[in-house]
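Taking it in order: structure first as structure tokens, then the write-up.
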Amino acid sequence: MVPAIYRLVAGFLHAGVAIFLWNFFSYDNLWELLLVKPPSGAYILIGMFALGFIPVLYSITQKSISPVLLVSVLLTVSAYSEWQGYFTSPFGGPGPFGVYILSWVGVVLLAGLAGNVELKLKQRETAAP
């Protein structure tokens with residue numbers, strides 16, 4: 001029961017931070033987006049939750065820290081880059097934070113890959129004589 005609570009807390013915490021940053025960086029209002037384009041708004045909100053929930057799920061089941069560490073670093077770097085104005089698109093596309101949120105499926109897969117690599121390295125380390 002406790003690991004499930006950790007995953008839910010992590011999911012809601014990441015979603016809360018992501019919603020705050022989404023509004024701070026003046027992307028579309030998520031609530032209006034949910035009303036006007038429900039699939040797009042739902043994709044973004046589900047991604048904001050999943051980016052916190054799934055890496056903690058990986059970390060608990062695989063006993064690894066790399067998925068949470070990877071997502072934390074990507075969130076921090078994307079928010080800082082957006083805030084400082086790095087990597088602005090000349091075509092008016094999303095900034096680094098927007099790309100991080102919109103490509104959440106890839107970030108989750110990358111976190112899973114990092115967790116699997118860490119698990120394999122741990123297994124190799126314990127199996128070595």
Side-chain angles (χ1 to χ4, degrees):
M1 183 68 175
V2 172
I5 293 171
Y6 290 155
R7 293 181 291 225
L8 289 173
V9 167
F12 286 120
L13 182 64
H14 186 279
V17 169
I19 289 169
F20 171 78
L21 291 172
W22 185 271
N23 291 330
F24 180 77
F25 294 131
S26 301
Y27 286 102
D28 295 334
N29 185 326
L30 282 176
W31 311 123
E32 289 178 11
L33 188 60
L34 275 170
L35 294 174
V36 177
K37 298 179 185 174
S40 297
Y43 173 82
I44 292 169
L45 283 175
I46 290 169
M48 289 176 171
F49 178 80
L51 282 167
F53 182 86
I54 295 175
V56 171
L57 173 67
Y58 285 150
S59 292
I60 290 172
T61 58
Q62 297 177 347
K63 305 274 191 263
S64 62
I65 189 68
S66 58
V68 173
L69 188 60
L70 177 76
V71 169
S72 299
V73 167
L74 289 175
L75 171 64
T76 304
V77 168
S78 69
Y80 183 76
S81 297
E82 181 95 14
W83 178 52
Q84 292 296 316
Y86 301 140
F87 310 112
T88 56
S89 172
F91 306 108
F97 180 74
V99 170
Y100 165 75
I101 293 297
L102 294 173
S103 61
W104 68 267
V105 173
V107 174
V108 166
L109 291 174
L110 192 60
L113 178 65
N116 285 334
V117 168
E118 182 182 350
L119 183 64
K120 297 288 185 198
L121 290 173
K122 282 182 184 178
Q123 288 173 347
R124 184 179 296 165
E125 186 178 289
T126 57

For a quick test of your reading: what N or O donor-acceptor pairs under 3.5 Å do the side chains of residues 35-59 make, sequence neighbours left out?
from  : atom 1 : to     : atom 2 : distance (Å)
Tyr43 : OH     : Leu102 : O      : 2.7
Ser59 : OG     : Pro55  : O      : 3.0
Ser59 : OG     : Ser64  : O      : 2.8

Quick one: side chains of residues 15-23, donor-acceptor pairs under 3.5 Å with protein atoms, not counting sequence neighbours, listed by atom name and distance.
from  : atom 1 : to    : atom 2 : distance (Å)
Trp22 : NE1    : Asp28 : O      : 2.6
Asn23 : ND2    : Ile19 : O      : 3.4

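Residues satisfying the side-chain hydrogen bond (donor to acceptor under 3.5 Å, both in side chains) test with Asn116, not counting sequence neighbours, are Gln62.
Put simply, Tyr80 and Phe24 are part of the same group of oily side chains (I, L, V, M, F, W, Y) that touch within less than 4.5 Å, one to the next. A single hydrophobic cluster is seen to contain both Val71 and Val105, as judged by linkage of ILVMFWY side chains at heavy-atom distances under 4.5 Å, directly or through other members. No single ILVMFWY cluster, assembled from side-chain heavy atoms under 4.5 Å apart, contains both Val77 and Tyr100. One hydrophobic cluster, built from ILVMFWY side chains closer than 4.5 Å, holds both Leu34 and Phe12.
Note: Leu74 CG to Leu69 CG = 9.5 Å, rounded to the nearest 0.5 Å. For the atom pair His14 NE2 and Leu75 CG, the distance stands at 4.5 Å (nearest 0.5 Å). From Trp104, atom CH2 reaches atom CG of Leu109 across 9.0 Å, with rounding to the nearest 0.5 Å.
When every heavy atom of Pro94 is checked against every heavy atom of Val99, the shortest pair comes out as O-CG2, 4.0 Å. Taking both residues in full, the closest heavy atoms of Thr76 and Ser72 are given as OG1-O, 2.8 Å, listed atom of the first, atom of the second, then distance. Ser66 and Glu118 get closest at one heavy-atom pair: OG-OE1, 2.6 Å.
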